[in-house]
Each structure stands twice: as C-alpha cells, then as structure tokens.
Amino acid sequence: WQFTAGVRYDYYSDFGDTVNPRLGLVWDARYDLTAKLLYGTAFRAPAFSEMYIVGNPVTLGNPSLRPETMETVELALDYRPLDDLHLGFNLFHYWWSDMITFVQDTGATTITAQNAGRQEGWGGELQAEWAATDTFKLSGNYSYQNAMDLATRLDAGNTPHHQVYARANWEFLPDWQASPQIKWIVDRERIAGDTRLPIGDYALVDFTLRRNRLADHVEVAFSVRNLFDSDIREPSPYGSGGAPIPNDFPMAGRNFYGEIRLKF
C-alpha cells in the first residue's frame with residue numbers, strides 16, 4: 001500500500017487565493033495488478049477579458065468573478081497479465097462548479113460574465129497495449145462519458161458520449177515504421193434549447209511513415225492527416241447573446257506534414 005498527498009496554493013491579486021488538495025491511494029494487489037483511488041480538486045482562473053471588458057456594446061466583464069472549480073474522484077486498475085500485454089480500466093466522477101458563462105442582462109442587450117453554471121459528469125475508459133511481435137504493436141482505448149447540466153438536469157451537450165481510438169506501429173523494414181491511427185467521435189448532443197441539427201459523428205484517420213537513422217543524427221517522417229478528407233465539425237457556442245454559427249466550426253480537411261529531426 002502507498003499513500004500520496006499534496007496541496008497546491010495559488011494567490012491572484014484580482015480574486016484572491018485558492019487551495020487545491022490531491023490524494024492518491026495505491027494498492028499492489030498482485031505482482032501484475034495495481035489499483036489506484038485518486039481524489040483531487042482544480043481551478044480555472046477567470047480570463048482577463050471575462051473580468052475587465054468594459055464599453056463593449058454586447059459583452060461585458062465582471063470583476064467580481066470567482067474561479068471555476070472542479071472536484072474529481074477516480075478508480076484506476078492497471079493489469080499486465082503478460083510481458084507484452086498491458087490493460088487498463090478507469091472509472092471517474094467529477095463535479096464542476098462556478099462555471100463562467102455570459103448571461104443576458106435584464107432589460108438590456110448586453111451579456112455579462114457570471115459564475116452561473118454547474119455540471120456533473122461520470123464515465124469510464126478501457127485501454128490496451130499489445131506487442132504482437134518485436135516489430136508490430138497495437139494500442140487503443142474506448143471511453144464513455146455522461147455529463148449533466150445541473151440547472152436543467154439535461155445532457156450538458158457538445159461533448160461526445162463515446163470515443164474510440166486505435167493505433168498500429170509496424171516496423172516493416174529495418175528503421176522503417178508505418179503508423180496508421182483512427183479516432184471515432186460518436187453521439188454528441190446539443191445543449192438544451194439549441195434547435196440546430198444534431199452534431200455529426202466522425203472518424204478521423206491519420207497515417208505516418210517514419211525513417212529512423214537516415215544518417216547518424218537524422219530522422220524523417222511524412223504524415224497525412226484526415227486521410228479520407230472527412231467533413232469534421234466541432235460544436236460552436238449557443239446562447240451567448242449572438243446568433244449561433246449554423247454549421248459549427250469546420251476542422252481541417254486532408255493535410256500533409258513533413259518532419260526532420262536532428263539528434264546530437
């Protein structure tokens with residue numbers, strides 16, 4: 001058994017101080033199985049614009065803002081049944097308080113930053129890493145998340161309920177490595193009151209070809225991101241006093257990267 005405790009103290013001249021503890025209890029249940037129980041709190045300080053915007057015809061800051069805070073509990077299991085196989089399982093629960101949002105001012109056309117939001121969420125993650133051979137390795141994870149807006153008791157929106165990630169690393173020739181990967185984002189709801197069409201699911205596929213030790217100190221790589229040129233959209237804000245972007249934020253289509261590393 002091992003127990004670790006820590007605490008972080010921050011002082012800001014505009015809103016004061018904040019204290020955040022972190023605790024961890026680790027149990028080596030067997031030689032190949034470790035369990036961890038973790039607890040911690042964290043904060044996000046208000047941005048300068050959220051506190052001090054003045055004279056804007058639409059958006060106003062609030063110098064009385066407090067920092068956003070989050071409290072998290074997590075249970076993690078780490079299992080290594082074989083030398084070449086690593087499995088992990090995590091469960092988490094969080095409480096997000098004093099969320100900073102812009103709220104419509106009564107009898108005015110402006111919106112002002114307020115500590116007006118609260119959210120609660122929970123979920124879990126499965127992960128695996130397998131070295132099938134000396135030259136071929138697979139890794140991946142699946143995560144589920146459910147987040148609730150405590151004001152409406154409805155889905156908080158904009159975040160995926162399901163995420164899947166898989167990656168392969170294949171050294172098909174000495175010093176030559178191919179690495180395809182795929183990420184699925186599935187089931188994102190709109191926030192309450194947002195009447196736009198549902199946010200589309202997507203699969204993002206990337207591919208990297210890497211050459212190690214091209215020379216004594218040189219490594220090169222070439223990558224294609226969004227290989228199949230998928231139409232990927234991330235949700236845009238809603239309810240901030242302005243008209244929402246109808247088709248959300250478009251992400252990059254197929255794009256290419258080159259990389260050169262020099263090692264000394």
Side-chain angles (χ1 to χ4, degrees), residues 76 78 80 82-90 92 121 123-147 156-191 194 196-238 244-264:
D78 187 285
R80 300 174 184 265
L82 302 170
D83 289 341
D84 52 14
L85 180 61
H86 173 209
L87 303 174
F89 176 65
N90 295 63
F92 65 87
E125 181 178 275
L126 293 168
Q127 55 186 345
E129 297 178 3
W130 178 42
T133 68
D134 291 339
T135 58
F136 185 72
K137 296 177 178 145
L138 291 171
S139 61
N141 59 68
Y142 163 77
S143 61
Y144 170 80
Q145 176 182 242
N146 188 23
N158 295 340
T159 56
H161 288 150
H162 307 275
Q163 296 187 70
V164 181
Y165 172 81
R167 177 185 177 94
N169 288 305
W170 178 34
E171 189 176 356
F172 58 95
L173 290 172
D175 296 327
W176 284 91
Q177 187 179 78
S179 302
Q181 67 178 24
I182 184 169
K183 178 172 69 174
W184 286 282
I185 300 295
V186 181
D187 192 16
R188 292 177 293 178
E189 297 185 16
R190 297 288 188 185
I191 67 173
D194 191 339
R196 289 176 293 175
L197 294 174
I199 309 166
D201 302 336
Y202 68 83
L204 176 64
V205 178
D206 301 330
F207 180 83
T208 299
L209 180 66
R210 186 174 300 276
R211 174 65 160 92
N212 298 315
R213 292 191 291 274
L214 181 63
D216 289 342
H217 305 287
V218 180
E219 176 182 312
V220 296
F222 175 74
S223 299
V224 184
R225 302 181 184 178
N226 195 359
L227 177 64
F228 297 109
D229 201 23
S230 300
D231 182 15
I232 298 173
R233 305 276 170 162
E234 291 297 331
S236 58
Y238 178 84
I245 298 174
N247 296 314
D248 297 299
F249 296 127
M251 298 293 102
R254 183 185 300 115
N255 53 98
F256 305 90
Y257 285 80
E259 178 185 329
I260 299 175
R261 292 186 181 184
L262 301 178
K263 298 181 180 180
F264 299 96

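Side chains included, hydrogens not; waters and symmetry mates left out as well; all remaining heavy atoms used. Start at 1 with the first residue, then count along the sequence.
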Any sub-3.5 Å donor-acceptor pair from [X]'s side-chain atoms to [Y]'s backbone N or O?
{"X": "Arg190", "Y": "Gly157", "result": "no"}
{"X": "Arg196", "Y": "Ile245", "result": "yes"}
{"X": "Asp78", "Y": "Gly88", "result": "no"}
{"X": "Thr133", "Y": "Thr135", "result": "yes"}
{"X": "Asp206", "Y": "Ser223", "result": "no"}
{"X": "Asp229", "Y": "Leu227", "result": "no"}
{"X": "Asn169", "Y": "Ser179", "result": "no"}
{"X": "Arg233", "Y": "Gly200", "result": "no"}

*Geometric class of the His217/Phe264 ring pair [parallel <30°, tilted 30-60°, perpendicular >60°]*: parallel

*Would you mind reporting whether Leu209 and Phe172 have side-chain heavy atoms less than 4.5 Å apart?*
yes

*asked:* Let me confirm one number: the CG-CG distance from Leu262 to Asp216, rounded to the nearest 0.5 Å.
replied: 12.0 Å

_Nearest-0.5 Å distance, CG of residue Asn158 to OG of residue Ser236_ = 8.0 Å

*If you measure from the Lys or Arg side-chain nitrogens to the Asp or Glu carboxylate oxygens, is any gap between Arg80 and Glu129 under 4.0 Å?*
no

*asked:* Let's go through Lys137 and Glu171 carefully: what are the C-alpha distance in whole Å and the side-chain angles of both, what is the deciding distance for side-chain contact (heavy atoms from CB on, under 4.5 Å) to 0.1 Å, and is it a yes or a no?
replied: CA-CA 9 Å; Lys137 296 177 178 145; Glu171 189 176 356; over 6 Å; no

*asked:* Heavy-atom count check: over 12 atoms from other residues, nucleotides or ligands less than 6.0 Å from Leu82 CG?
replied: yes

*Can you tell me if CZ on Arg211 sees more than 12 non-hydrogen neighbours from other groups inside 6.0 Å?*
yes

Show the nearest heavy-atom pair for residues [X] and [Y], with the distance to one decimal.
{"X": "Leu138", "Y": "Ala168", "answer": "CD2-CB, 3.6 Å"}
{"X": "Thr159", "Y": "Ala147", "answer": "OG1-CB, 4.5 Å"}
{"X": "Ala221", "Y": "Thr208", "answer": "CB-CG2, 4.4 Å"}

_I'd like to check the ring pair (Phe, Tyr, Trp, His ring centres under 6.0 Å) partners of Phe249; sequence neighbours left out, ordered by chain and number._
none

